[in-house]
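A short worksheet on the structure shown next.
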Amino acid sequence: MIRNLRVPLVAAFTLAAAGMLLLPEASAQPISITPGGDELRALYATPSEVMEGKRVADSSCKGCHGTAGVSATKGLPHIAGQRTAYLYLELRSYKAGARGDNPMAAAVKLMSEDALMKAAAYYSSLEPAQPAAAGAKAAARPDPVQAGKSAAAGCAGCHGEDGVSKMPGTPSLVGLDPKYLVAAMAAYKGGQRKNDLMKSLVAALGEADMNNIALFYALQKPARAQTPSPGDAAAGKAGAAACAGCHGEQGVSGNSANPSLAGQDAQYLALAVRAYKEGARSNDSMKGSVAALDERAIKDLAAYYATQSPQAPNVRKPMSAAQLAERCDRCHGVNGNSTDPRSPSLAAQRADYLEKALHAYRNGTRKSTAMAAMSEMLSEFDVESIAAHYSRQKARSAVYVLVPGK
């Protein structure tokens, strides 16, 4: 057994740069290595074993991953120049069935540990793929908040410049969860909510447009509608107790399916309640809840909610690709060039594969506590942005030299 080797006391040797970069010893992690069974076994591969790995790759891998480990197939990764131990660990994971029943699991099922090690060593020795050019998809996707602001320009005349209504009978759009606002727009577009003007305005909006508009309004500073509130707010407070279960205390909803009512235009709220009561809006729960309300009670209830303070929904402003990459680089190396043989390099990887991998971590298909936590916060825009970012980075080859520690 070879013990107390430090990983990675490495020379991160780039084919595109002159010389070697030796990582400081303070960054090394002591680890015990058992030849034949450890995750770093492939680092010891000899030139003859690398050539044997080529024979394994030619017979079992090149059909999907390309002759030189550069994939031409959507959703399948480049593996040329990938970090040695990472490749070996992934192959072992597929062989053990930890990654599910799929073509990769079938391809390696009958391979020996020795064959897996040699194939990993071979692919890691190859020149990495070249970075992708800035694609049309990435170039065509503007910042979603700015896109939402542009798409919402036509809404300002009725709903206010920043979504705070100044027109009685017209709702404010601030303080609403984006999912609710998207559902409302879709209901107008599909005719479930009856309003000819709204239907015509949202008719041309696609799903991305609606998501961007909803995000824009969710990020605006909440404020009460600047409209009169006919009715007795104090009297309406008692009636509002029955609404708190769905719409939250003081009208601030904690459920994206139910709108916040705090600070909303009173006349709009009264119109909505009447629509549910009369069946113009279809919702059995709402119809039952408002069935006994008379006109006075409706106005008082609306006045109460109009006087409450709206709150911003729990929505964060999307980070730029550069900001997201800064977080990812902590584990995957600067510009996605990992200096740890156990962590994958992301630089110049296929964007569609990176998207696929992030989705797998988000839905639990791939298991990693760290990756699940990182990917859970990502929107679809974030996923596409970060994948496009790394696909355009120059990949650097690396040679790992294990040096005995003190």
Side-chain angles (χ1 to χ4, degrees), residues 137 140-227 246-247 251 253 255-287 302 305-306 310 312-315 317-318 379-381 384:
K137 179 180 179 181
R141 287 185 63 83
D143 172 78
V145 180
Q146 289 303 312
K149 182 177 182 179
S150 296
C155 310
C158 295
H159 297 282
E161 198 67 36
D162 297 318
V164 178
S165 178
K166 298 178 182 178
M167 182 182 294
T170 301
S172 287
L173 302 181
V174 296
L176 296 173
D177 188 284
K179 292 180 181 178
Y180 170 77
L181 193 50
V182 168
M185 286 187 279
Y188 283 118
K189 185 175 182 177
Q192 291 83 18
R193 286 196 183 186
K194 308 297 182 183
N195 185 298
D196 291 340
L197 176 59
M198 277 300 300
K199 185 172 184 177
S200 66
L201 290 173
V202 300
L205 297 179
E207 183 178 355
D209 297 320
M210 291 192 284
N211 285 329
N212 291 340
I213 290 172
L215 178 63
F216 166 71
Y217 282 123
L219 294 172
Q220 302 310 298
K221 184 178 180 180
R224 295 188 187 95
Q226 298 175 28
T227 53
C246 293
H247 296 283
S253 175
N255 185 337
S256 62
N258 300 321
S260 287
L261 306 180
Q264 187 55 272
D265 170 66
Q267 290 191 38
Y268 169 75
L269 285 176
L271 288 169
V273 171
R274 293 187 197 105
Y276 283 119
K277 182 175 181 178
E278 296 164 5
R281 284 197 190 181
S282 179
N283 183 296
D284 292 339
S285 177
M286 277 299 300
K287 186 172 184 177
Y305 280 122
N314 186 22
V315 176
K317 185 177 181 179
S379 67
E380 189 59 31
F381 176 81
E384 294 182 9

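Here the side chain of S165 pairs a donor or acceptor atom with the backbone of M167 at under 3.5 angstrom. At least one donor-acceptor pair closer than 3.5 Å links the side chain of Q264 to the backbone N or O of S172. Remark: side-chain polar atoms of T170 are not paired, donor with acceptor, to backbone N or O of K166 under 3.5 angstrom. A donor-acceptor pair is defined here as one N or O able to donate and one able to accept, closer than 3.5 Å; no such pair exists between the side chain of K287 and the backbone of G279. Without hydrogens or angle criteria, D162 side chain to V164 main chain gives no donor-acceptor distance under 3.5 Å.
Side-chain atoms of Y268 and P168, non-hydrogen and from C-beta on, never get closer than 4.5 Å to each other. Proximity of Y180 to P259: side-chain heavy atoms (C-beta onward) are separated by under 4.5 Å at one or more points. Side-chain atoms of M198 and R193, non-hydrogen and from C-beta on, never get closer than 4.5 Å to each other.
The local environment of CD in E161 is sparse, with at most 12 non-hydrogen atoms from other residues, nucleotides or ligands closer than 6.0 Å. No more than 12 heavy atoms of other residues, nucleotides or ligands sit less than 6.0 Å from atom NZ of K149. Around atom NZ of K179, no more than 12 heavy atoms belonging to other residues, nucleotides or ligands sit under 6.0 Å away.
Side-chain contact annotation: S253 with N258, donor-acceptor N/O pair under 3.5 Å absent.
Looking at N212, I213, N211 one by one, the single match for side chain to side chain contact (heavy atoms under 4.5 Å, CB included) with P144 turns out to be N212.
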- Item | Worked verdict on L197 versus L201 for side chain to side chain contact (heavy atoms under 4.5 Å, CB included) | CA-CA 6 Å; L197 176 59; L201 290 173; 4.0 Å; yes

- Should L219 and V145 be marked as a side chain to side chain contact (heavy atoms under 4.5 Å, CB included) after you check the CA-CA gap, both sets of side-chain angles, and the distance that decides it? CA-CA 8 Å; L219 294 172; V145 180; 3.6 Å; yes

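Nearest heavy atoms, A218 versus L176: CB-O, 3.9 Å.
Taking CG of D143 as the reference point, atom NZ of K317 lies at 6.5 Å (rounded to 0.5 Å).
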